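These notes concern the structure reproduced below.
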2 protein chains.
Amino acid sequence: MAKKVTIATVAKYAGVSRQTVSNVLNTPEVVREETRRKVYEAVEALGYRVSQAARQMRTGRSRLIATRIESTGDGINGSVLDRFLHALTESAARSGYRVLLYTAADDDAEIATYEDLLGTYKPDAFVLASTHHRDTRTTWLTERRLPFVTFGRPWDAPDRHLWVDVDGASGTEDATRHLLEAGHERIGFLGWPAGSGVGDDRRQGWLRAMAAAGQDTTGLDHACPDRVAEAEAVVGELLGRDPAPTALVCASDSLALGALQASRALGRPLAVTGFDDTPVARAIGLTSVSQPLEEAAARCVRLLTRLLDGEAEAEESVLLRPSLVVRDTTYPPT
Amino acid sequence: MAKKVTIATVAKYAGVSRQTVSNVLNTPEVVREETRRKVYEAVEALGYRVSQAARQMRTGRSRLIATRIESTGDGINGSVLDRFLHALTESAARSGYRVLLYTAADDDAEIATYEDLLGTYKPDAFVLASTHHRDTRTTWLTERRLPFVTFGRPWDAPDRHLWVDVDGASGTEDATRHLLEAGHERIGFLGWPAGSGVGDDRRQGWLRAMAAAGQDTTGLDHACPDRVAEAEAVVGELLGRDPAPTALVCASDSLALGALQASRALGRPLAVTGFDDTPVARAIGLTSVSQPLEEAAARCVRLLTRLLDGEAEAEESVLLRPSLVVRDTTYPPT
DNA sequence: TTGAAAGCGCTAACAC
DNA sequence: GTGTTAGCGCTTTCAA
């Protein structure tokens with residue numbers, strides 16, 4: 001292992017004092033051009049890197065962003081958070097931060113983890129995903145004035161915290177409009193049971209588009225848990241009705257996959273759209289709403305760095321527009 | 001923000017010296033029972049947590065394990081690494097370590113990241129996934145005597161580093177045997193082009209099982225890139241031949257999904273097995289080989305902690321057996 | 001067993 | 001513009 005190269009090594013090599021090196025690194029504008037160059041050369045030649053631990057002891061900042069990695073759950077939709085996490089890691093690195101991972105079974109466990117982390121690794125900020133009604137995590141963090149951003153709106157109140165989210169309603173609205181343009185009229189919605197922020201939001205988009213087109217939606221709004229098998233059952237029953245919907249806007253790719261399987265099993269054509277543009281959608285050629293996850297992650301990091309640099313107040317939460325990825329399995333109306 | 005509680009606060013509260021507190025925390029057996037209890041109480045009451053930064057300055061150990069988060073790629077198989085990462089985070093936490101994330105486009109970029117990370121955050125160890133032929137990362141780390149484990153065998157040589165892996169051949173062997181027992185004889189294999197360690201390993205299992213059953217495999221070994229669409233095309237062509245295979249062991253769920261779609265599109269029954277038991281397999285009822293990822297992650301952490309505690313030499317790499325998850329879509333032979 | 005002293009590498013204050 | 005001093009919180013000597 002190469003011997004340690006500290007700020008003192010660099011100073012000696014460059015023929016300046018330790019402090020000057022520190023200055024060059026942290027407030028370069030305060031050092032004379034030539035000195036600065038000498039120091040940079042020394043840093044380069046020696047392969048010097050600031051020790052985070054030492055820096056943290058002085059500044060109290062760890063340049064660490066902590067976030068939770070979720071258990072994949074259904075797994076089809078889970079991949080969305082994984083892609084977000086990947087993008088977050090990349091964005092954070094670009095801003096000089098690293099992502100520290102933790103797991104937690106529920107909100108309480110997560111809060112306990114905050115306490116532990118804050119005492120030990122002292123992350124500068126948290127990124128929370130999967131916000132939900134009555135989210136205790138955000139209130140806990142807010143009360144302690146800890147910097148954080150959520151990927152997902154606060155669904156309860158016009159909360160006093162920063163967030164980044166994707167406009168789900170706009171996504172399902174696009175999907176519905178796409179089906180309307182293809183000539184469909186009886187377009188159903190398959191979502192999750194009412195009460196979830198995300199799910200209800202996606203339902204709104206469908207309602208909006210249908211209303212705009214002057215279509216009646218009675219008897220077309222359906223819900224079931226986010227599992228393929230259940231969706232298949234529900235849709236199977238649906239297709240037996242008269243009149244049956246000719247198209248279905250789904251709140252997730254899992255539901256959409258179930259719907260598609262039901263329609264195939266019964267040999268009854270059904271146009272289906274999903275949500276999240278997961279690998280499965282790509283694989284089976286399903287039209288789906290795609291979230292701009294890279295953009296979302298980048299915005300989270302940006303919000304956070306501003307917040308940490310004290311330029312906070314000016315910043316505002318962000319609502320991004322998703323896009324519809326059209327694939328050709330969507331059957332024409334019969 | 002609660003005021004800082006340091007080791008000194010605890011010492012005062014417990015009525016002992018600072019050093020005693022440190023002893024209780026690091027080498028409890030050296031402190032008298034009663035004193036120890038007092039200190040623990042103080043720690044509890046004050047909610048004290050050791051500062052990692054300070055500890056690291058003294059000990060040089062960060063209690064950080066660094067690992068790469070990959071871009072989801074195909075996404076169907078990508079979920080395997082995500083589940084592994086989740087499990088790794090959990091296992092690491094149980095051993096008092098946290099997982100630090102980074103991204104890298106290729107081996108060289110990854111090595112550059114090692115240098116950066118080692119200079120700044122000083123992770124105690126690395127976990128590398130997706131090992132491949134001519135892996136420059138492992139040699140780089142080995143040369144510098146940096147602690148690491150790979151999830152995936154070193155495919156080139158009987159390398160001098162620790163690894164944990166899952167026996168892919170055993171998995172496909174089980175799958176093949178399962179199909180044989182169901183009465184199939186012309187069982188094909190659909191894998192990746194020769195040259196990938198993982199892919200070739202999985203092919204071996206199929207060969208082994210077929211040989212054991214006295215089945216001829218000529219003309220039954222197929223390969224294509226790991227994408228659903230390509231698999232669908234390949235299998236579509238295959239089913240047109242005479243005689244066509246009645247069953248297909250696939251090296252991944254992506255390939256299996258493609259195969260299934262081809263068989264459905266043509267209305268030609270085909271029994272298919274996949275690999276990795278991804279969410280998609282679960283969703284569409286595909287029989288698939290499941291990797292024990294939690295176990296694999298736990299073994300990685302265990303190997304690493306031993307290594308870091310100096311009990312290294314005794315440790316050995318681990319080859320785990322996967323299990324076959326049988327689902328009922330597997331058609332009977334015709 | 002417990003306590004005192006030193007120092008890990010860095011940066012914020014202040015002096016030069 | 002540059003150098004000196006101090007100390008962040010901890011653990012590792014060494015002495016009591």
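Remember, it's a predicted structure, so these values are computed and weren't measured experimentally. Each chain gets a letter, A, B and so on, in the order its sequence line appears, and its residues count up from 1. Computation of the quantities below employed the complete heavy-atom set of this structure, encompassing side-chain atoms and omitting hydrogens, waters and symmetry-equivalent molecules.
Distance A/R18 CZ to C/dA13 C1': 15 Å, rounded to the nearest Å.
The two residues A/T113 and A/T103 have their closest heavy-atom pair at OG1-O, 4.1 Å.
Across the helix from C/dT1-D/dA16 to C/dC16-D/dG1, the helix axis at one end is tilted relative to the axis at the other end by 40° (nearest 10 degrees, each axis from five pairs).
The residue from B/D106, B/D107, B/D108 that alone fulfils the salt bridge (charged side-chain N to carboxylate O under 4.0 Å, His left out) condition with B/R137 is B/D107. Screening B/I65, B/V164, B/L303 against B/V127 for a side chain to side chain contact (heavy atoms under 4.5 Å, CB included) leaves a single residue, B/I65.
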Could you go over nucleotides 13-16 of chain D and give all protein N or O partners under 3.5 Å, atom names and distances?
none

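Donor-acceptor pairing under 3.5 Å is lacking for the side chains of B/Q52 and B/S62. Defined by atom type and a distance below 3.5 Å, a donor-acceptor pair is missing between the side-chain atoms of B/T139 and B/T136. Checking B/S22 against B/N26 by side-chain atom types alone, a donor-acceptor pair falls below 3.5 Å.
Ring pair B/F84/B/F151 is parallel by interplanar angle, where below 30° counts as parallel and above 60° as perpendicular. Note on ring orientation: taking the six-membered ring where Trp is involved, the planes of A/Y114 and A/Y102 are perpendicular (angle over 60°, cut-offs 30° and 60°).
Close to C/dG3, at under 4.0 Å from its OP1 or OP2, lies a side-chain N or O of B/T20.
Take the nearest nucleotide of DNA chain C for B/S17 and for B/M57: the residue whose nucleotide is more 5' is B/S17.
Here C/dC10 is the nucleotide among C/dT11, D/dG3, C/dC10 with the atom lying nearest to any side-chain atom of A/A54.
A cation-pi arrangement is found for B/R63 relative to B/Y97, the charged atom lying closer than 6.0 Å to the ring centre and inside a 45° cone about the ring normal.
For C/dG7, its base sits under 3.5 Å from the side chain of B/R58 at one donor and acceptor pair at least.
The stretch residues 22-48 of chain B touches DNA chain D through B/S22, B/N26, B/Y48, each having a heavy atom within less than 4.0 Å of the strand.
For the pair B/R68 and B/E70, the salt-bridge criterion is met [side-chain N within less than 4.0 Å of a carboxylate O].
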